[in-house]
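Notes for the one structure printed next.
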Amino acid sequence: MSFSRSVKIAPSILAADFANFGAECRAVEAEGADWVHIDVMDGHFVPNITFGPAMCAALRPHIKGVMDVHLMVAPVDLYLDAFAKAGANILTVHLESGPHIHRSLQAIRALGCKVGLAINPGTGIEAVPSLLDDIDLICVMTVNPGFGGQKLIPAMMDKVRALRAMVGDRPIHIEIDGGVTEGNAAALVTAGADVLVAGSSIFKGGSVTNPAPYGTNIRALRSAANGG
Ligand code: DX5
Ligand code: ZN
């Protein structure tokens with residue numbers, strides 16, 4: 001995974017057909033997705049339950065590119081090894097997941113995965129400068145995590161700008177997660193984002209038997225993100 005700040009589109013399979021995940025991953029990649037985003041929810045840190053490491057391992061052969069695993073799990077440290085073994089390229093943990101975030105970030109690095117730090121809408125970013133040497137990606141939650149299909153919280157734009165300024169020339173991706181649409185993609189990229197996660201706006205209108213709309217949606221999002 002070489003670093004580039006060009007826009008990357010990462011469909012979240014939270015909006016995919018739950019009876020057909022392998023085919024959905026292959027379909028979005030064939031239709032132009034750059035990364036595949038997997039939302040792991042524990043029913044405790046967030047009020048919803050989704051997938052575990054066995055599911056990620058089962059999906060690995062169906063994803064040619066980057067498997068971007070977002071862990072909405074607390075405590076998280078005891079699961080990092082299993083998700084790394086499942087083949088995650090990026091493991092993202094929440095700043096709010098426990099009192100020792102730095103330890104979690106170091107553990108991910110030691111497992112050989114790229115290190116992501118996710119930040120909830122209600123959390124400040126004053127801890128970020130002391131973590132910049134330990135991360136490859138910041139995931140800005142632009143909705144409260146737990147569910148797809150929510151509206152992006154406009155106040156998060158200022159947070160993205162502030163994080164982009166903090167990151168400076170460092171090779172750290174800024175990923176946006178929640179409520180990304182064709183309508184806000186350009187503003188997000190202008191504010192400093194380079195990875196756009198999108199569930200509902202990519203999977204809408206398509207299915208495993210009719211994946212062409214995924215391609216239309218991905219191209220529309222990319223074109224909007226790049227200024228239209
Ligand atoms: C929210 C998840 C997101 C979500 C995005 O907890 O982390 O990845 O699935 O879905 P949309 O694009 O529908 O907001
Ligand atoms: Zn996510």
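Position 1 is the first residue of the sequence; numbering continues from there. Indexing begins at 1, ligand by ligand and atom by atom, following the structure's order.
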Self-check item: Over 12 foreign heavy atoms within 6.0 Å of OH, Tyr79
Solution: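 No, the 6.0 Å shell around OH holds no more than 12 heavy atoms from other groups.
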Self-check item: Over 12 non-hydrogen atoms of neighbours within 6.0 angstrom of CZ in Arg5
Solution: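 Above 12, so yes.
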Quiz item: Centres of the Phe21 and His62 rings: under 6.0 Å?
Solution: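 No: the rings miss the under 6.0 Å criterion.
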Self-check item: Test of ring centre spacing under 6.0 Å for Phe18 and Phe51
Solution: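 Under 6.0 Å, so yes.
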Check ligand 1 against [X] and write out every atom of the ligand that is under 4.0 Å from a heavy-atom position of the residue.
X: Pro145; result: 6 (O)
X: His37; result: 8 (O)
X: His70; result: 7 (O)
X: Leu14; result: 9 (O)
X: Ala198; result: 12 (O)
X: Asp177; result: 2 (C), 3 (C), 4 (C), 5 (C), 7 (O), 8 (O)
X: Met72; result: 6 (O), 7 (O)
X: Met41; result: 6 (O)

Closest protein heavy atom (residue, atom, distance) for [atom]:
atom: atom 6 (O) of ligand 1; answer: Gly146 N, 2.8 Å
atom: atom 12 (O) of ligand 1; answer: Gly199 N, 2.7 Å
atom: atom 1 (C) of ligand 1; answer: Phe147 O, 3.7 Å
atom: atom 14 (O) of ligand 1; answer: Gly179 N, 2.8 Å
atom: atom 13 (O) of ligand 1; answer: Ser200 OG, 2.3 Å

Quiz item: Taking heavy atoms and a distance under 4.0 Å, where does Ser12 meet ligand 1: side chain, backbone, both or neither?
Solution: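 It is the side chain that gets close, since no backbone atom is under 4.0 Å.
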Which N, O or S atom name in [X] marks its closest approach to the Zn ion (ligand 2)?
X: Asp39; value: OD1
X: Asp177; value: OD2
X: His70; value: ND1

Evaluate [X] for polar contact with ligand 1, using N/O atom pairs at a separation under 3.5 Å.
X: Val180; answer: no
X: Gly148; answer: no
X: Val143; answer: no

Exercise. Work out which heavy atom in Glu182 is nearest to a heavy atom in Ala224; give both atom names and the distance.
Key: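 Closest heavy-atom pair between Glu182 and Ala224: O-CB, 3.4 Å.
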Exercise. Looking only at non-hydrogen atoms, find the nearest pair between Val208 and Ala23 and report the distance.
Key: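 The answer is CG1-CB, 3.5 Å.
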Self-check item: Any donor-acceptor N or O pair under 3.5 Å, side chains His94, Glu96
Solution: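 There is such a pair (donor and acceptor under 3.5 Å, judged by atom type) between the side chains of His94 and Glu96.
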Quiz item: Looking at CD1 of Ile9 and CZ of Arg219, how far apart are the two atoms once the value is rounded to the nearest 0.5 Å?
Solution: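 So the gap between those two atoms works out to 12.0 Å.
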Is there a donor-acceptor contact under 3.5 Å from the side chain of [X] to the main chain of [Y]?
X: Lys159; Y: Thr123; result: yes
X: Thr92; Y: Leu117; result: no
X: Ser201; Y: Val180; result: yes
X: Glu31; Y: Pro213; result: no
X: Gln150; Y: Asn144; result: yes

Practice problem: Indicate if the distance from the Zn ion (ligand 2) to the nearest N, O or S atom of Cys139 falls below 2.8 Å. | Solution: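 No N, O or S atom of Cys139 is closer than 2.8 Å to the Zn ion (ligand 2), so no.
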Exercise. Tell me, please: is Gly178 in heavy-atom contact with ligand 1, that is, under 4.0 Å?
Key: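 The answer is yes, since Gly178 has a heavy atom less than 4.0 Å from ligand 1.
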Practice problem: Would you please determine whether Ser201 falls within less than 4.0 Å of ligand 1 on a heavy-atom basis? | Solution: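 The answer is no, since Ser201 has no heavy atom less than 4.0 Å from ligand 1.
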Practice problem: Would you mind reporting whether Asp177 and His37 have side-chain heavy atoms less than 4.5 Å apart? | Solution: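 Heavy-atom side-chain distance check passes, below 4.5 Å.
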